Protein chains: 2
Amino acid sequence: MDLSEKLDGHGAAGTAGRRSDAVAAELARMIQTGDLQEGERLPAERELMQRYGVSRTAVREAIVSLANRGFIETRLGHRPIVRKADYEIAVDRVGNLVGHLMVDREGVWNLFETRIFIEGGLARWTAKHARPVDLEELRSALESNRQAIGDPLLFDETDAAFHAVLYRAPGNPIYPAIHKAYVEWLTQHWRSMKRGAGIDQMNHAGHVAIFEAIVARDPDDAEESMRRHLVAAWEFVRSTFPTDR
Amino acid sequence: MDLSEKLDGHGAAGTAGRRSDAVAAELARMIQTGDLQEGERLPAERELMQRYGVSRTAVREAIVSLANRGFIETRLGHRPIVRKADYEIAVDRVGNLVGHLMVDREGVWNLFETRIFIEGGLARWTAKHARPVDLEELRSALESNRQAIGDPLLFDETDAAFHAVLYRAPGNPIYPAIHKAYVEWLTQHWRSMKRGAGIDQMNHAGHVAIFEAIVARDPDDAEESMRRHLVAAWEFVRSTFPTDR
DNA sequence: GTTGGATTTTGGTCCGACCATATGGTATAG
DNA sequence: CTATACCATATGGTCGGACCAAAATCCAAC
């Protein structure tokens, strides 16, 4: 097939956009419809150029495009491998796009504010709908967090794990993907904070308050506790910016 | 400069990854640090190949990569233009990554569920913190929506505008970007629904209930009204899937 | 000063070649 | 017979030069 483009000799961009875009679109379609299964190897470049009647250059640029969009994975000396993007990869990619928006206090605040919003809502949701198994997970995560007080690295880890339980509770894979992004994007600011031993105590206390509100099935209290917990955390994050007002 | 890579003759991938990746990384850095300002034109390909000591092929692939990531915008016969990605572009890009997850009912439901979650939270937030000007905007949007009953296209437009007010209210640019994505991603399913005149009536009634709860400053009622409104809408979206259970 | 065509710039494509890595099969050593 | 070293091949990565088409620019004619 010729991509339904009249083979107008070799040379410049035809009347219908870039050749490489046409190839990329065709391959992307095959991936999305399942003609090319996940994990399968893409045809070799030299075969694709014959199949679609374009040069290897065009094929290569199409492959680069697909790779950048996360549809395939390229390794040197190896045929590209089909990789359907999931929510995590997708959200991950947003990160390197808006990285430049995360350099000043306003950009980070915008992100952090959405976190307060979402986790507040999650705390409310969990207080209302959590199953016993969710509560048990939460209790367990809280205990691990308590034991980690004093060990900065371990505390951060168990801290994230505690919040992760809330993101998992609704059973929607989009939430954990968002949580992963929050952790990755905000982690650098978190790390640059010098923090005394008292900070861990305070954060753990926040977790306790959230947990207790949830087991008490008090949505309002759960949301408010979460909000207080995160706003307190923000005070430290914001302190990492020189131009504080 | 030579990208700090020993110019190991022309030929295959050096010891340090692809040449094009190195060029892309360097240009991306220049964009993020502001050495290349928004709207500015990138140097010509033939100049970049000299400046970095690589072939035009490598330069081109680097440019393709940057374009796919949204850092630059390419037009035929035109130098690429620097375009720093904002929240909208970023969220937009997630769409074409997870497009394949939006083909079955489960994927769409996961997305729709997050919409219910977020808009429920927004309704609650607005009921609690809305300024008079927000309420006025909301009232105006509601009136436009009422007048559009019967005109399918206009109704959808005013419907989205009504919800948009809620996304704008917190003053965080991330929320409108998310709303835009919801509208774009779910719009196709929405369109494929044949709907009688009564549906508009029902949806408008839902908006009225939400509005009244907000002006009454009743967060619980606002969230619940929004939830009912969206769950009802979901019933129609789900009907567009053949494998209903 | 404005307009319209010729020239220059610049991106898009093709071709053929070469190198580096990865894979697999084969011959050789144990 | 097994295991290892080695070589042929497949495949991706890079280069250089060439040509085309669209856009931008320049310049002369009006």
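Just so it is clear: chains get the letters A, B, ... in the order the sequence lines come, proteins before strands, and each one is counted from 1. Note that the coordinates shown come from a computational prediction; the quantities given were computed from them, not determined experimentally.
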Could you tell me whether the side chain of A:Arg56 has a donor or acceptor atom within less than 3.5 Å of a complementary atom in the base of D:dG13?
yes

Out of D:dT14, C:dG11, D:dG13, minimum distance to the side chain of A:Arg46 belongs to D:dG13

Measure from CD1 on B:Ile81 to P on D:dA24 and round the result to the nearest Å.
9 Å

In whole angstroms, the gap separating C1' of D:dT9 from CZ of A:Arg79 amounts to 13 Å

Is the side chain of B:Asp134 donor-acceptor paired with the backbone N or O of B:Ala169 at a distance under 3.5 Å, no angle test?
no

In this structure, how many angstroms lie between the C1' atom of D:dA22 and the CD atom of B:Glu45, rounded?
14 Å

Does A:Glu106 have more than 12 heavy atoms from other residues, nucleotides or ligands lying within 6.0 Å of its CD?
no

Rounded to whole Å, the CG-C1' distance (B:Asp21 to D:dG13) equals 11 Å

Protein-nucleotide distance (B:Arg60, atom CZ; D:dG13, atom C1'), rounded to Å:
16 Å

Is there side-chain contact between A:Leu27 and A:Tyr52, with at least one heavy-atom pair below 4.5 Å?
yes

Taking B:Gln37 for the side chain and B:Gly34 for the main chain, is one N or O donor matched with an acceptor at less than 3.5 Å?
yes

Atom-to-atom span, CD of B:Gln50 to P of D:dC15 - whole angstrom:
14 Å

Between A:His78 and A:Thr57, name the one whose nearest nucleotide on DNA chain D is closer to the 5' end.
A:His78

With the side chain defined as heavy atoms from C-beta on, A:Leu76 is closest, among C:dT21, C:dG12, D:dG12, to C:dT21

So which nucleotide from C:dC15, C:dG11, D:dT14 ends up closest to the side chain of B:Pro80?
C:dG11

When the distance from CG of B:Leu48 to C1' of D:dC15 is rounded to whole Å, what number comes out?
17 Å

Atom-to-atom span, CD of B:Glu61 to C1' of C:dG11 - whole angstrom:
15 Å

With heavy atoms under 4.0 Å as the rule, sort A:Arg75 into base, sugar-phosphate or nothing.
sugar-phosphate

Under-4.0 Å side-chain N/O to phosphate OP1/OP2 contact, A:Ser20 with C:dT13
yes

Any donor-acceptor pair under 3.5 Å from A:Arg83 side chain to A:Ile72 backbone:
no

